[in-house]
Every structure is written in structure tokens, then in C-alpha cells.
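Please read the structure below before turning to the comments.
No hydrogens, no waters, no symmetry mates; every other heavy atom, side chains included, goes into these values. From a predicted model like this one, the values you see are computed outputs, not experimental measurements.
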Amino acid sequence: MNLRKGEEKDMPAVLGLIKELAIFEKEPDAVVLTVDDLVRDGFGESPQFGTFVAEIDAEIVGIALYYFRYSTWKGRTLHLEDLIVKEKMRGSGVGFALYSKIIHQGKIEGVRRIEWNVLDWNLPAIDFYEKSGAKVLTEWCVAQMDEQGIDVFLKKNNILDI
């Protein structure tokens, strides 16, 4: 297995894994992201995210996509947006290798916390994270507002241009 930083040329495979994850998470139509979006946002003047890819025999079989956040309590933190392993490779050590790479990257970057989300029904992932020393916080709920919600909020509250 070869672990390395993701490159522009890897983004079609990265998008393929993102779509595979959406199917696993029972949201097959939720991905609107394109390869062009990934290239622009990950490799432009001010990259919005970083990736690590896991390759076996020149095939990308897993990715970890991360970005930095800022905590009012901790300062700079690293957010692991997604750790995805091709279904056929699950249980092979690819996920552990990528997870370890992210934790190492957090240490190199000097962050005070690494965070991510996990679905409450993904018990194998929760078990893996807890065994690794992570705390799974069950008392917090994730709040999101999608594009439609943003538009509705702005219109409802007469906010045209702030």
C-alpha cells in the first residue's frame, strides 16, 4: 500500500469514492460536487481541503479528506470530513492506515483537537473510533442548513445584501 497526498489527477477517483460513500450512507443522490469543484477548491490559490490517498497496484482504494477549523475553546483544529475505503477493501487495513495518517498530520500541524462525524447507526465505525481512544460525543447534535434552506432564510428575513 502506498499512502500519499492527493493530487489534482486523483480527483476523479476521489469523487468516485465520495459517491460510493453517499450510497453507503443511504443518500445516493446527495452528491452535487464535481471533479472541477474538487480541483478548484483543493488546489487553487487558497486550498480549502487536503487529501491523503491510499493506493494498491496504482488503484486508489481509499481517501481521507480534511480541512482546518477554529475552536473558540481549543484554537486550530483539524476536521476529518471523510475517510472512505472501497467496499472490497474494507477490513484490509487501508482505513486504519488513513486514520493514522490523519492523526499524524494533526500532530505535525500542532492542532489541539481532531474531530469528525459518524452516523449513529454505523456501529463498526463507532467501535473502531472508541477502541482507538477517540470519544464519540452522543450529547451533541449536528445542525446543517442546505442551499435551499439558506435561500428560504434570507428571503423570509428580507436579507438581500449584508
Side-chain angles (χ1 to χ4, degrees), residues 5-54 60-87 90 95 98-99 101-103 105-126 128-130 132 134-162:
K5 279 203 170 264
E7 301 172 9
E8 284 185 44
K9 69 180 174 82
D10 301 324
M11 293 306 104
V14 168
L15 183 58
L17 283 165
I18 290 169
K19 288 179 178 179
E20 186 174 321
L21 177 66
I23 292 166
F24 173 77
E25 291 185 349
K26 301 174 177 86
E27 298 255 8
D29 300 320
V31 179
V32 297
L33 192 68
T34 67
V35 170
D36 289 340
D37 293 332
L38 288 166
V39 169
R40 179 194 65 229
D41 298 339
F43 300 92
E45 270 185 46
S46 181
Q48 301 298 303
F49 66 87
T51 57
F52 291 111
V53 298
I60 294 176
V61 296
I63 65 150
L65 190 143
Y66 66 95
Y67 57 90
F68 294 97
R69 294 171 59 175
Y70 199 83
S71 164
T72 55
W73 290 8
K74 301 294 182 188
R76 192 166 185 237
T77 66
L78 186 149
H79 182 84
L80 172 58
E81 178 63 18
D82 279 316
L83 193 158
I84 310 166
V85 177
K86 281 193 175 201
E87 186 174 9
R90 292 185 191 143
L98 286 164
Y99 182 70
K101 190 78 169 162
I102 286 293
I103 293 170
Q105 186 68 28
K107 184 67 174 173
I108 290 169
E109 297 285 349
V111 301
R112 292 194 177 112
R113 180 173 69 207
I114 301 170
E115 55 208 356
W116 59 94
N117 297 319
V118 59
L119 290 167
D120 63 358
W121 55 260
N122 191 348
L123 299 179
I126 291 169
F128 170 81
Y129 294 138
E130 288 178 337
S132 79
K135 290 185 228 169
V136 177
L137 307 175
T138 57
E139 57 278 341
W140 285 83
C141 297
V142 176
Q144 294 181 335
M145 186 178 288
D146 64 14
E147 236 176 328
Q148 182 182 3
I150 293 167
D151 292 341
V152 167
F153 176 87
L154 294 174
K155 186 175 182 180
K156 178 181 174 184
N157 292 288
N158 245 357
I159 302 170
L160 302 173
D161 193 22
I162 295 179

Measure across [X] and [Y] and return the closest heavy-atom pair with its distance rounded to 0.1 Å.
X      : Y      : result
Thr51  : Tyr66  : N-CE2, 3.9 Å
Pro47  : Gly42  : CB-O, 3.4 Å
Ala64  : Leu80  : CB-CD1, 4.1 Å
Ala125 : Val118 : CB-CG2, 3.8 Å
Leu98  : Ile84  : CD1-O, 4.3 Å
Phe43  : Glu7   : CZ-C, 3.5 Å

Taking the side chain as every heavy atom from C-beta outward, state whether [X] and [Y] have any atom pair closer than 4.5 Å.
X      : Y      : answer
Thr77  : His79  : no
Asp10  : Ile60  : yes
Leu21  : Val31  : no
Gln105 : Ile114 : no
Val14  : Pro12  : no
Lys5   : Phe52  : yes

If you count heavy atoms of other groups shown closer than 6.0 angstrom to [atom1] of [X], is the number above 12?
X      : atom1 : answer
Glu87  : CD    : no
Phe68  : CZ    : yes
Gln144 : CD    : no
Trp73  : CH2   : no

Within this structure, what is the [atom1]-[atom2] distance for the pair [X] and [Y], rounded to the nearest 0.5 Å?
X      : Y      : atom1 : atom2 : value
Ile23  : Asp29  : CD1   : CG    : 9.0 Å
Asn122 : Phe128 : CG    : CZ    : 11.5 Å
Leu65  : Ile18  : CG    : CD1   : 6.0 Å
Leu119 : Glu27  : CG    : CD    : 8.5 Å
Asp120 : Ile126 : CG    : CD1   : 6.5 Å
Trp140 : Glu115 : CH2   : CD    : 10.5 Å

Between Trp116 and Tyr99, how do the two ring planes meet: parallel, tilted or perpendicular, split at 30° and 60°?
-> perpendicular
Spell out, as yes or no, whether a donor-acceptor pair under 3.5 Å connects the side chain of [X] to the backbone of [Y].
X      : Y      : value
Arg112 : Lys74  : yes
Asp151 : Gln148 : no
Gln48  : Ser46  : yes
Glu81  : Tyr67  : no

